[in-house]
Each structure stands twice: as structure tokens, then as C-alpha cells.
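These notes concern the structure reproduced below.
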Amino acid sequence: SFDFQEIKIHLLDTPGYPDFLGHALPALAAVETAAIVINAQNGLEMMTGRFVQWAAKRGLDRLIIVNKIDAENVDLEALLERIQQAFGRECLPLNLPAGKASKVSDCFFAPSGESDFSSVEDAHRKLVDQVVEIDEKLMERYLEKGEVTPEELHEPLERALREGHLIPVVFTSAKTGAGIGELLE
């Protein structure tokens with residue numbers, strides 16, 4: 001457990017190896033959000049898919065964390081595409097690696113950032129499009145104005161997460177700390 005910006009966070013770390021499934025699966029009963037960590041070097045592994053499915057069956061918010069973004073010989077763009085193919089187009093990046101994976105750029109609140117692949121602006125647009133689908137009135141305003149404020153998106157974002165309409169993908173490096181602060185935000 002730890003405090004972050006006056007919020008108490010309880011983190012349950014479970015093993016991802018199939019041998020420890022009996023120890024890991026019961027943790028899903030005790031959480032609101034299942035954060036599934038994918039090693040960028042290894043890519044999608046057998047248990048990754050199973051944990052995403054089990055979390056969905058339990059009706060949990062899901063978050064995919066791609067770690068080790070700064071490791072050698074990783075293709076993060078291809079990995080993101082495989083994640084979307086495996087778990088659905090609702091898996092959208094909340095941030096994108098930048099500066100040769102030394103940092104990340106926020107795709108939700110700061111759409112003008114730089115990235116190592118793709119476009120932060122395009123990722124922002126896809127996120128907003130996905131979130132506004134949850135709220136008919138917000139969608140109408142978005143279609144009329146072409147943009148909505150972050151304040152208007154807060155509640156629909158939470159609802160999209162609860163309903164599995166959005167599964168955020170975040171990029172991090174536990175080694176350098178890139179993306180960790182943004183993940184906590």
C-alpha cells in the first residue's frame with residue numbers, strides 16, 4: 001500500500017507464470033482494476049490473454065502496462081498492434097513512448113506531444129472518440145464543436161473503463177522510471 005496525491009493505493013502483485021495460477025487468480029476477487037503487465041521483450045504470453053479474459057469475466061476495469069520499453073530489440077508499435085488484435089480495438093494508448101523510450105507523452109490531456117511511433121494527436125483523437133461513445137449528449141457536443149474539455153471527459157472516461165469500452169495501454173520502464181509517474185496519474 002502507498003499514498004499518492006491523497007489517494008491510498010493497494011497494489012497486489014501476482015506471478016504471471018502458469019505454475020502459480022492458483023495463487024494469482026484469487027487476487028482478482030480483491031481488486032477494482034486488473035493491471036496486466038506485458039514485458040516488451042517477451043510480448044504477449046499465454047497467461048496475458050487468460051488474465052485479460054478472467055478480469056473481463058469478473059467485470060473489472062482493465063489496464064495494460066507495457067514495461068521495459070527501453071529494452072533492446074523491441075518493436076513497440078508492432079506490440080501495440082498485437083495487443084489490439086488479441087484484446088480488441090478498445091485497447092488504446094493512454095501514452096506513447098518518446099525520446100527513444102526515455103520518456104512518454106500523454107495522449108489524453110496533452111495531444112501535441114512527440115512520440116517514437118504513431119502520432120500523439122491521432123492517439124488522442126481515438127481515445128476521445130472511444131470515450132464520448134459512452135455519453136450521447138457528450139457525443140453530440142463533440143460532433144458539433146470537434147473537441148471536448150478534459151473535465152467533460154472525466155466521468156465518461158471512468159464509465160468507459162468500468163464497462164470495458166476502453167482498455168488503456170500505458171508504456172513504462174521500471175528501470176528508468178519512464179512512464180511511472182504518468183501511470184500513477
Side-chain angles (χ1 to χ4, degrees), residues 4 9-71 73-97 101 104 106-108 115-118 122-134 153 155-175 178-180 182-185:
F4 180 75
I9 297 173
H10 301 282
L11 183 68
L12 303 178
D13 185 13
T14 63
Y17 296 110
D19 297 351
F20 299 106
L21 180 60
H23 297 285
L25 202 52
L28 292 177
V31 299
E32 295 174 2
T33 301
I36 292 96
V37 179
I38 296 174
N39 179 327
Q41 290 175 305
N42 299 345
L44 297 181
E45 298 179 290
M46 176 184 67
M47 294 309 291
T48 306
R50 292 202 176 150
F51 274 106
V52 170
Q53 290 171 347
W54 288 322
K57 283 182 184 177
R58 291 196 63 88
L60 298 173
D61 295 358
R62 286 157 284 154
L63 169 69
I64 296 174
I65 302 170
V66 177
N67 192 33
K68 297 187 180 182
I69 61 172
D70 53 346
N73 300 321
V74 295
D75 185 345
L76 299 173
E77 186 173 16
L79 178 56
L80 178 59
E81 186 62 34
R82 285 194 301 280
I83 290 168
Q84 291 172 332
Q85 288 170 357
F87 309 125
R89 290 287 169 192
E90 61 270 12
C91 296
L92 296 172
L94 213 51
N95 65 35
L96 285 169
V104 297
D106 180 357
C107 297
F108 198 67
S115 67
D116 292 342
F117 69 88
S118 189
D122 289 344
H124 171 77
R125 180 73 46 219
K126 288 177 184 175
L127 280 165
V128 172
D129 288 349
Q130 191 76 6
V131 170
V132 298
E133 287 179 1
I134 292 291
L153 289 169
E155 191 278 325
L157 173 65
E158 288 185 4
R159 188 171 153 206
L161 292 170
R162 282 192 310 272
E163 294 178 7
H165 193 69
L166 173 64
I167 302 171
V169 178
V170 296
F171 292 89
T172 65
S173 170
K175 182 179 175 183
I180 302 299
E182 291 82 353
L183 170 63
L184 290 172
E185 285 287 325

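Shown here are the side chain to side chain contact (heavy atoms under 4.5 Å, CB included) partners of Asp70, two or more places apart in sequence or in another chain: Ala101, Ser173, Lys175, Thr176. Under the side chain to side chain contact (heavy atoms under 4.5 Å, CB included) criterion, Pro26 pairs with no residue at all, not counting sequence neighbours. Residues satisfying the salt bridge (charged side-chain N to carboxylate O under 4.0 Å, His left out) test with Arg50, not counting sequence neighbours, are none. In this view, Arg159 and Glu163 satisfy the salt bridge (charged side-chain N to carboxylate O under 4.0 Å, His left out) rule, not counting sequence neighbours. Partners of Arg58 under the side chain to side chain donor-acceptor pair (under 3.5 Å) rule, at least two apart in sequence or in another chain, do not exist in this structure. Legend: residues meeting salt bridge (charged side-chain N to carboxylate O under 4.0 Å, His left out) with Glu185, ordered by chain and number and at least two apart, are absent. Among residues two or more places apart in sequence or in another chain, the side chain to side chain donor-acceptor pair (under 3.5 Å) test is passed with His165 by Glu133. With sequence neighbours excluded, the residues that form a side chain to side chain contact (heavy atoms under 4.5 Å, CB included) with Ala174 are Asn67. By the side chain to side chain contact (heavy atoms under 4.5 Å, CB included) test, Thr48 is found to be paired with Ile36, Ile38, Leu44, Glu45, Phe87, residues two or more places apart in sequence or in another chain being considered. Qualifying side chain to side chain donor-acceptor pair (under 3.5 Å) partners for Gln41, counting only residues two or more places apart in sequence or in other chains: none.
In this structure, CD1 in Ile64 is found 4.0 Å from SG in Cys91, a value given to the nearest 0.5 Å. Interatomic distance, CZ of Phe4 versus CD1 of Ile9, reported as 7.0 Å (0.5 Å rounding). If you take CG on Asp129 and NE2 on His124, they are separated by 9.0 Å, rounding to the nearest 0.5 Å.
Within 6.0 Å of atom CG in Asp13, 12 or fewer heavy atoms from other residues, nucleotides or ligands are found, so the atom counts as exposed in its surroundings.
Residues Thr14 and Phe20 form no side-chain contact, since every pair of their non-hydrogen atoms from C-beta on lies 4.5 Å or further apart. Two residues are said to be in side-chain contact when any heavy atoms from C-beta on lie closer than 4.5 Å; Cys107 and Leu94 fail this criterion. You'll find the side chain of Arg62 stays beyond 4.5 Å of the side chain of Thr33, heavy atoms only. Using a 4.5 Å heavy-atom threshold, the side chains of Ile167 and Leu92 count as separate. Using a 4.5 Å cut-off on side-chain heavy atoms (C-beta onward), Leu25 and Leu28 make contact. Proximity of Pro168 to Leu161: side-chain heavy atoms (C-beta onward) are separated by under 4.5 Å at one or more points. Contact check for Val104 versus Val170: no side-chain heavy atoms found under the 4.5 Å cut-off. Between Val66 and Thr172 the shortest side-chain heavy-atom distance does not fall below 4.5 Å.
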- Task: Starting from the C-alpha separation in whole Å, work towards a yes-or-no answer on side-chain contact (heavy atoms from CB on, under 4.5 Å) for Ile69 and Asp116.
- Result: CA-CA 11 Å; Ile69 61 172; Asp116 292 342; over 6 Å; no
- Task: Check step by step if side-chain contact (heavy atoms from CB on, under 4.5 Å) holds for Asp61 and Glu32.
- Result: CA-CA 6 Å; Asp61 295 358; Glu32 295 174 2; 5.7 Å; no
- Report the C-alpha separation of Leu153 and Val132 in whole Å, then their side-chain angles, then the decisive distance to 0.1 Å, and conclude whether the side-chain contact (heavy atoms from CB on, under 4.5 Å) test is met. CA-CA 7 Å; Leu153 289 169; Val132 298; 4.0 Å; yes
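A distance-only check finds no donor-acceptor pair linking the side chain of Asp106 to the backbone of Asn95 [under 3.5 Å].
Pairs passing the ring pair (Phe, Tyr, Trp, His ring centres under 6.0 Å) check and including a residue from residues 31-68, sequence neighbours excluded, read Phe51-Trp54.
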For residues 73-83, dump all side-chain donor-acceptor pairs below 3.5 Å to protein atoms at least two apart in sequence or in another chain.
from: Asp75; atom 1: OD1; to: Glu77; atom 2: N; distance (Å): 3.4
from: Asp75; atom 1: OD1; to: Ala78; atom 2: N; distance (Å): 3.1
from: Glu81; atom 1: OE2; to: Arg89; atom 2: NH2; distance (Å): 2.8

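Of all heavy-atom pairs between Gly164 and Glu90, the closest is O-CG, 3.8 Å. Residue Ile134 comes nearest to Ala160 through the heavy atom pair CG1-CB, 3.8 Å, listed as atom of the first residue, atom of the second, then distance.
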